[in-house]
Amino acid sequence: MRWKLAAATVLALSATGSADAGPAPLYDPVILNIGFVCRWNAHCMDKQKDAMNRALKFVRKKDPPNWRIQRCNKNAGKRGSRIDWIGFDNCIRNVSLAPLPPRPIPKPRKRPSSFIAERGH
């Protein structure tokens with residue numbers, strides 16, 4: 001009888017706690033990403049969310065060129081697939097940021113004459 005009472009109490013407490021918490025972070029990829037970046041530290045997560053909202057508002061309002069957004073995405077995502085929103089916000093607002101110079105096209109390598117002789121050409 002004690003086990004049933006304990007199980008009912010735990011079940012009731014878990015049901016009330018999950019109703020107030022909102023959706024699980026597994027269903028919100030943005031919060032999940034921010035949680036992993038911040039290691040679930042609430043203060044850090046709040047700073048990341050604020051930076052995300054500031055950056056998205058700036059992008060909507062100013063409409064920066066695509067090269068700037070791509071460069072800041074690459075800069076903010078240096079830790080793998082997780083985006084650091086504070087870094088992105090700082091980068092997107094940086095007025096001294098310039099586009100990268102175009103990459104030089106590599107020249108094709110010449111094959112050694114022994115390779116051509118083996119193939120019968």
Side-chain angles (χ1 to χ4, degrees):
M1 183 67 181
R2 269 187 357 194
W3 290 105
K4 288 181 184 178
L5 182 60
T9 305
V10 169
L11 185 61
L13 289 175
S14 66
T16 59
S18 65
D20 297 337
L26 286 176
Y27 301 114
D28 189 357
V30 174
I31 299 299
L32 189 62
N33 177 45
I34 290 173
F36 283 137
V37 168
C38 290
R39 297 183 181 173
W40 302 103
N41 180 341
H43 179 68
C44 175
M45 289 177 67
D46 289 339
K47 287 171 60 175
Q48 288 283 335
K49 285 180 202 173
D50 291 342
M52 177 186 70
N53 291 330
R54 276 193 319 271
L56 293 175
K57 183 178 177 182
F58 179 84
V59 168
R60 272 192 306 268
K61 187 176 179 181
K62 299 291 183 178
D63 194 27
N66 286 339
W67 65 263
R68 181 180 291 269
I69 294 172
Q70 291 168 358
R71 187 158 178 203
C72 291
N73 274 339
K74 184 177 180 182
N75 182 40
K78 287 195 176 182
R79 288 199 247 169
S81 63
R82 299 176 183 152
I83 300 294
D84 175 29
W85 283 102
I86 296 172
F88 180 83
D89 185 38
N90 292 336
C91 178
I92 202 73
R93 294 169 184 274
N94 186 355
V95 294
S96 65
L97 189 67
L100 292 173
R103 286 187 189 171
I105 299 173
K107 294 181 181 178
R109 296 186 323 195
K110 291 186 178 181
R111 294 185 176 155
S113 59
S114 61
F115 178 77
I116 296 172
E118 288 175 7
R119 299 203 59 197
H121 292 117

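Predicted model, so just to flag it, every value in this text is computed and none were measured.
Nearest heavy atom pair, residue Arg93 against residue Arg54, reads NH2-O, 3.2 Å.
In this structure, CZ on Arg60 lies 6.0 Å from CG on Leu56, to the nearest 0.5 angstrom. Taking CD of Gln70 as the start and CG of Leu100 as the end, the distance is 10.5 Å to the nearest 0.5 Å. The CG atom of Asp84 sits 11.5 Å away from the SG atom of Cys72 when rounded to the nearest 0.5 Å. Atoms CG and CD1, from Leu97 and Ile92 in turn, are 8.0 Å apart once rounded to the nearest 0.5 Å.
No single ILVMFWY cluster, assembled from side-chain heavy atoms under 4.5 Å apart, contains both Leu32 and Ile86. Linking ILVMFWY residues whenever their side-chain heavy atoms come closer than 4.5 Å, directly or via other members, places Phe88 and Met52 in the same cluster.
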* To do: Evaluate the criterion side-chain contact (heavy atoms from CB on, under 4.5 Å) for residue pair Ile31 and Lys49; output intermediate values, then yes/no.
  => CA-CA 8 Å; Ile31 299 299; Lys49 285 180 202 173; 3.5 Å; yes
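By the side-chain hydrogen bond (donor to acceptor under 3.5 Å, both in side chains) test, Asp50 pairs with no residue at all, sequence neighbours left out. Pro65 is linked by a side chain to side chain contact (heavy atoms under 4.5 Å, CB included) to Trp67, Arg68, counting only residues two or more places apart in sequence or in another chain.
Among residues at least two apart or in separate chains, there is no salt bridge (charged side-chain N to carboxylate O under 4.0 Å, His left out) pair with a member in residues 98-107.
Using a 4.5 Å heavy-atom threshold, the side chains of Trp85 and Val37 count as separate.
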